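Since the structure is predicted, the reported quantities are computational estimates derived from the model, not experimental observations. In what follows, chains are A, B, ... by sequence order, proteins preceding strands, each numbered from 1.
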2 protein chains.
Amino acid sequence: MIWERPEPGERRAVRLSREAVTAAAMALADAEGLEAVSLRRVAAALGTGPMRLYGYLDSKDDLLDLMMDAVCGEIPPPPPGDWRGELRAIARDTQRTARRHPWYVTLLGTRQPYGPNGLAYSERLFAAVARLGLPARLTVHAVDAVRAYIAGFLQLELLPGPEAEPGEEKLAYLARSVATGKYPTLAWIIAEFEAVGPEEAFAEGLERVLDGIAAARPGAP
Amino acid sequence: MIWERPEPGERRAVRLSREAVTAAAMALADAEGLEAVSLRRVAAALGTGPMRLYGYLDSKDDLLDLMMDAVCGEIPPPPPGDWRGELRAIARDTQRTARRHPWYVTLLGTRQPYGPNGLAYSERLFAAVARLGLPARLTVHAVDAVRAYIAGFLQLELLPGPEAEPGEEKLAYLARSVATGKYPTLAWIIAEFEAVGPEEAFAEGLERVLDGIAAARPGAP
DNA sequence: TATCGTGTCGATACGCTGTATCGAGAAGGG
DNA sequence: CCCTTCTCGATACAGCGTATCGACACGATA
């Protein structure tokens with residue numbers, strides 16, 4: 001039917017860009033979660049079909065890499081200071097950014113941040129720790145520890161925990177499990193779970209890691 | 001055609017069990033990765049169709065929960081000792097187990113270990129830290145820090161890093177990026193990346209976290 | 001023993017995914 | 001004005017999770 005065929009000239013619609021594609025994908029992920037990001041839906045948000053995107057990407061993995069790097073670019077550089085202050089700032093801003101884009105944490109556990117913004121983020125981490133003047137090998141260890149702590153904590157934080165809204169049922173299940181008496185220490189501690197805000201817990205744990213790094217200064221192995 | 005229809009009596013083939021289903025799924029994940037685990041393929045490995053599994057599961061998520069808990073059950077309890085030794089043992093055995101089932105790390109970042117084995121694992125973590133005699137709140141923070149470190153490190157370790165086999169290209173890309181001079185600290189440190197074995201790095205970073213916990217003893221905030 | 005309810009099994013189907021293929025059409029150079 | 005070249009996107013394919021439902025085997029009842 002003629003009515004369905006596009007009128008000549010309407011074809012070249014709008015020039016896209018990787019940035020536009022990435023932005024559309026991020027908006028979708030923010031609104032409906034990472035699993036809602038499909039090439040079809042991203043393309044639809046841009047008013048086109050899925051195959052159009054293959055002009056800007058080689059695969060969906062490319063899109064996820066772009067999204068990850070875009071988020072890395074949203075994490076601001078720390079104001080210059082001592083190593084501890086810089087690491088604190090980086091960690092805090094990473095947590096804030098992750099809260100804005102919860103799906104970032106999932107990506108964090110899935111792919112390496114090798115884009116320009118991701119490398120810049122790594123550079124900042126290493127630069128902060130390097131201020132300590134540790135030998136290179138210890139510096140790597142320290143950065144690994146901080147990075148692992150950040151990634152791991154955000155992961156655990158953003159997982160639907162016992163305090164989740166519809167987790168009422170999950171919390172009841174937990175209570176029932178603990179009531180069996182098989183987990184005495186858990187039982188003792190479980191009341192604290194909800195009492196501690198994630199911000200505070202994140203900062204507290206980070207201090208533990210930083211203390212450990214500071215203790216590595218003299219001539220540790 | 002009659003030939004295709006099963007002869008009566010052949011229907012009730014083999015009684016399955018959640019354990020059997022889980023084992024099949026784990027074998028598949030070990031052999032071909034987590035993304036190869038589909039209800040169709042698991043069912044095929046058991047000589048049946050996908051819908052059969054819904055007698056044992058409500059959804060695929062259930063299967064992933066079962067797999068996660070099964071792995072938690074493979075991590076042995078630490079031999080009794082002081083808090084530091086127990087945490088070290090738990091961390092080491094977690095790393096070993098994760099190496100046997102790399103997909104476990106992915107699940108670790110995706111869902112809570114609320115099964116019986118997962119709770120037992122948590123219990124052991126809390127019990128070890130509880131030996132320190134910290135107030136409940138600090139104990140939670142310390143456990144969070146350790147758990148975050150373990151989860152984060154394994155995540156980063158099992159990501160295909162620059163040392164990956166086909167990563168030759170990725171490594172070249174990294175070298176090119178660093179050669180731009182935009183990442184001076186990265187450039188200084190990058191030679192260390194391959195020099196450090198993951199075992200050693202994991203243990204070293206863990207010591208940093210443990211030092212931090214030990215430092216929290218007196219009367220920290 | 002014959003019959004009926006009950007519960008399990010799995011074939012079929014639906015809507016979704018990522019992406020390979022390829023024909024149609026616009027853009028630019030001769 | 002025609003022909004080449006590149007871009008676009010419709011169509012198609014294999015695979016996914018799972019809802020539906022008819023067919024069958026089993027256990028209890030008459």
For residues 34-41 of chain A, please give each side-chain donor-acceptor pair under 3.5 Å, one per line with the distance, not counting sequence neighbours.
from    : atom 1 : to      : atom 2 : distance (Å)
A:Ser38 : OG     : A:Arg41 : N      : 3.1
A:Arg41 : NH1    : A:Glu32 : OE1    : 3.1
A:Arg41 : NH2    : A:Glu32 : OE2    : 2.7

### Query
Listed by chain and number, what are the side-chain contact (heavy atoms from CB on, under 4.5 Å) partners of B:Arg92, not counting sequence neighbours?
B:Ala89, B:Arg96

## Note on the structure
Those residues at least two apart in sequence (or on a different chain) that pass side-chain contact (heavy atoms from CB on, under 4.5 Å) with A:Leu66 are A:Arg18, A:Thr22, A:Leu57

### nucleotides 13-22 of chain C: protein proximity per nucleotide (B base, S sugar-phosphate only, - neither; heavy atom, under 4.0 Å)
B---BBBBB-

### Query
Within this structure, what is the CD-to-P distance between B:Glu35 and D:dG17, rounded to whole angstrom?
12 Å

### Query
For C:dC9, does either OP1 or OP2 sit under 4.0 Å from a side-chain N or O belonging to B:Thr48?
no

### Task
To the nearest 0.5 angstrom, please state how far the CH2 atom of B:Trp103 sits from the CG atom of B:Leu107.
6.0 Å

### Task
Pull out every residue in residues 17-25 of chain B that has a heavy atom closer than 4.0 Å to any atom of DNA chain D, ordered by number, or say none.
none

### All ring-ring contact (aromatic ring centres under 6.0 Å, His included) counterparts of A:Phe153, not counting sequence neighbours
A:Tyr149, A:Phe202

### Query
With a 4.0 Å cut-off, would you call A:Glu157 and A:Arg99 a salt bridge?
yes

### Message
Could you tell me how far apart A:Arg52 (CZ) and D:dC6 (P) are, to the nearest whole angstrom?
### Response
18 Å

### Message
Regarding B:Glu123 and A:Lys182, does a basic nitrogen lie under 4.0 Å from an acidic carboxylate oxygen?
### Response
no

#### Entry: Side-chain donor-acceptor pair present, B:Tyr121, B:Thr94, cut-off under 3.5 Å
yes

#### Entry: Nearest-angstrom distance from the residue atom CG of B:Leu57 to C1' of D:dG17
12 Å

### Task
Mind calculating the distance between CG (B:Leu53) and P (D:dA19) to the nearest angstrom?
14 Å

